[in-house]
Amino acid sequence: MGTDNGSPSPMYGETTKHHRNCGQRLVDSFRRDPNAAIIPTTTDKEGNRHIDLEHAAAATAESGLSRRLKSRHLQMIAIGGSIGTGLFVGSGAALSTGGPASLVIAFIIIGVMLYCTVHALGELAVLFPVAGSFSAYSTRFLDPAWGFAMGWNYTLQWLVTLPLEIVAASITISFWNDKINHAAWVAIFLAVIISINLFGVKGYGEAEFIFAIIKVVAVIGFIILGIVLNCGGGPKGSYIGGKYWHNPGAFHDGFKGLCSVFVTAAFAFAGTELVGLAAAETANPRKSLPTAIKQVFWRITLFYVVSLIIVGLLVPYNDPRLLGKSSADAKASPFVLAIYDAGIQVLPSIMNVVIMIAVLSVGNSAVYGSSRTLAALANQGQAPKILGYIDRTGRPIISILVASSLGFLAFLAASSKEGEAFTWMLALSGLSSIFTWGSINLAHIRFRRAWRVQGHSLDELAFRSQPGIVGSWIGFILNCLVLVAQFWTGFAPEGYKDMSTNDLVQNFFEGYLAAPVVIAFYIPYKLYYKTPFMRARDIDLHTGIREMNLAELLAEERAERATWPKWKKAYKYMC
């Protein structure tokens, strides 16, 4: 028997090759994945609309996203993923606002909060590596309406971060050439970021791997150089020591100055949680995520705290060049100023290259974070269905295009409204992370409660948070305290007695805009769908667990760990 063209039919068990040209394969890759399902809202017997929580959990667990991230990608995302303009640039305005002691104390407090938060997220993400984890965990463990609010809060945070970072990159170029219109650089950077994300999660992972290595090497190099300069080893060769902590001083504006730095610190740490979002696209999250989570401690300690101590020793807080108020003012970087003041000619340009790479990295993460959250919201019936379109290569392609299109707001850099537009976009993203982190801690607390109530033990968990449930309470309380501190500094800033009513209102919403946005998403959804607060006995603890034979795998791994020498056990505990 033969085929119509005369060639023999394949025998049973044989396959035939389908020859398609490169263009056809490219077109086919954009077609919808038939296994990616969208969960619609339903109507009960009384006519009330509601979200089917069981199907929503299943949709985020079986989203059709590509699972091509490797352990090395996750580790570099964890180590260097959030090292960006918040550290390199925003720390300058924070130093000017609170002084060097306030800068370090605020970053340590936020660092402790993040350490607890990321471990809580790691425990959840290893057990439930689901798409759009931040909103999905809030929906499953807290309240579907709060999950809806958190999903859109996180999406908006990254949507407005993209144009902010692109403008920051274009302004950094002006360090070398300020004659070319910024719009030209905006177009170039936007094209690069969109291209990276069109390569899917593998493109994002490889780009972040390279970006993170460059940033980590740069920060370590700066720390070594800073110690040498502080000890008098620079071209101008004078010992600095701690003189700037005495004159002009360690604190600026006292306790209020310290509280004013919290939001800058939160903005700097934004993106730390992306390692949890990437769990759904990781080949083996049970093995690669714990290692990546443990790296966060070293990044907080070394890259943030140590480098900012060095910055505070080298640059006085009353330096007029530190007055840049947004991440788009790259000329205000205290890292660049410290090198420039030492009289080193070439390194300021190298540091600006690193800053430009950092803003591209954050812009890349912005498209990744917002597109995955949008797709997860659509999968749960909490966003337009079209946003859940996942193509055959595992890309949420419509969400990527929507997230990328917001980057065109960066062309405002060439207009007269640049300052006003970006002040409000920065305000929208400033406190968003605090709500996300607080929700992660609270979701972990509720998960542990449900895990115990439903008869499970902690020995059944593939990864257990090192600070445990106490750490989640500490993280949650610290998030609440930061919200209170920011409310106070927004309501009564330094010199508020001399400010007009309009200026006070504008100042408050510039620092606290994320709060009313979250409320505006939460309350209408809560009232319309009448969503329940999740009870411990009703929480779904089964949907989304990727490893079905988890108990056997854990028993084998514990038996293997028992044979390790003490040094290896200690190393694996910390790293």
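FYI, the numbering just counts along the sequence from 1. None of these values were measured; they are calculated from a predicted model.
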> Checking side-chain hydrogen bond (donor to acceptor under 3.5 Å, both in side chains) for the pair Lys256/Thr489: CA distance, chi angles, key distance, verdict?
Replying inline: CA-CA 7 Å; Lys256 183 172 287 188; Thr489 57; over 6 Å; no

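- One finds the CG atom of Leu442 at 14.0 Å from the CZ atom of Phe447 (value rounded to the nearest 0.5 Å).
- Here the side chain of Ser307 pairs a donor or acceptor atom with the backbone of Phe303 at under 3.5 angstrom.
- Relative ring orientation between Tyr204 and Tyr368 is described as parallel, the plane-to-plane angle staying below 30° on a 0-90° scale split at 30° and 60°.
- Here the CD1-OH distance, from Ile309 to Tyr304, works out to 15.0 Å after rounding to the nearest 0.5 Å.
- The 12-atom threshold is exceeded at CH2 of Trp245, counting heavy atoms of other residues, nucleotides or ligands nearer than 6.0 Å.
- The closest side-chain heavy-atom distance from Phe211 to Val362 is not below 4.5 Å.
- What you find for Pro334 and Val315 is that their closest heavy atoms are O-CG2, 3.7 Å.
- Taking CG from Leu159 and CG from Leu164, the interatomic distance works out to 11.5 Å, rounded to the nearest 0.5 Å.
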> How far apart are the C-alpha atoms of Tyr154 and Met150, what are their side-chain angles, what is the distance that settles it, and do they pass the side chain to side chain contact (heavy atoms under 4.5 Å, CB included) test?
Replying inline: CA-CA 6 Å; Tyr154 195 72; Met150 285 301 96; over 6 Å; no

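- Checked by atom type and distance alone, the side chain of Tyr137 pairs as donor or acceptor with a backbone atom of Phe128 at under 3.5 Å.
- A donor-acceptor pair under 3.5 Å is formed between the side chain of His252 and the backbone N or O of Thr97.
- Residues Tyr512 and Gln486 form a side-chain contact, since some pair of their non-hydrogen atoms from C-beta on lies under 4.5 Å apart.
- Using cut-offs of 30° and 60° for the angle between ring planes, the Phe508 and Phe487 rings count as perpendicular.
- Side-chain contact between Pro467 and Tyr115 is present, with heavy atoms from C-beta onward closer than 4.5 Å.
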> Run the side chain to side chain contact (heavy atoms under 4.5 Å, CB included) check on Phe189 and Leu360 step by step: do they pass?
Replying inline: CA-CA 7 Å; Phe189 293 132; Leu360 284 174; 3.5 Å; yes

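- Each of Ile469, Leu124, Val453 was compared with Arg448 under the side-chain contact (heavy atoms from CB on, under 4.5 Å) criterion, and only Ile469 meets it.
- For the atom pair CZ (Phe521) and CD (Gln382), the distance works out to 11.5 Å, reported to the nearest 0.5 Å.
- The distance from the CZ atom of Phe463 to the CD atom of Glu123 is 7.5 Å, given to the nearest 0.5 Å.
- Between Ile400 atom CD1 and Ser405 atom OG the span is 12.0 Å, to the nearest 0.5 Å.
- Using a 4.5 Å heavy-atom cutoff, the side chains of Val118 and Ile440 are not in contact.
- Checked against the 6.0 Å centroid threshold, Tyr529 and Phe148 do not count as a close aromatic pair.
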> Given Ser399 and Arg372, is the side chain to side chain contact (heavy atoms under 4.5 Å, CB included) satisfied, shown in steps?
Replying inline: CA-CA 7 Å; Ser399 291; Arg372 267 57 180 183; over 6 Å; no

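- Looking at Asp143, its side chain never comes within 3.5 Å of a backbone N or O of Thr139 through a donor-acceptor pair.
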>> Go through it in stages, so that I can follow the logic: the residues are Val518 and Trp152, the test is side chain to side chain contact (heavy atoms under 4.5 Å, CB included), and I'd like the CA-CA distance, side-chain angles, deciding distance and then a yes or no.
In response: CA-CA 8 Å; Val518 168; Trp152 281 103; over 6 Å; no

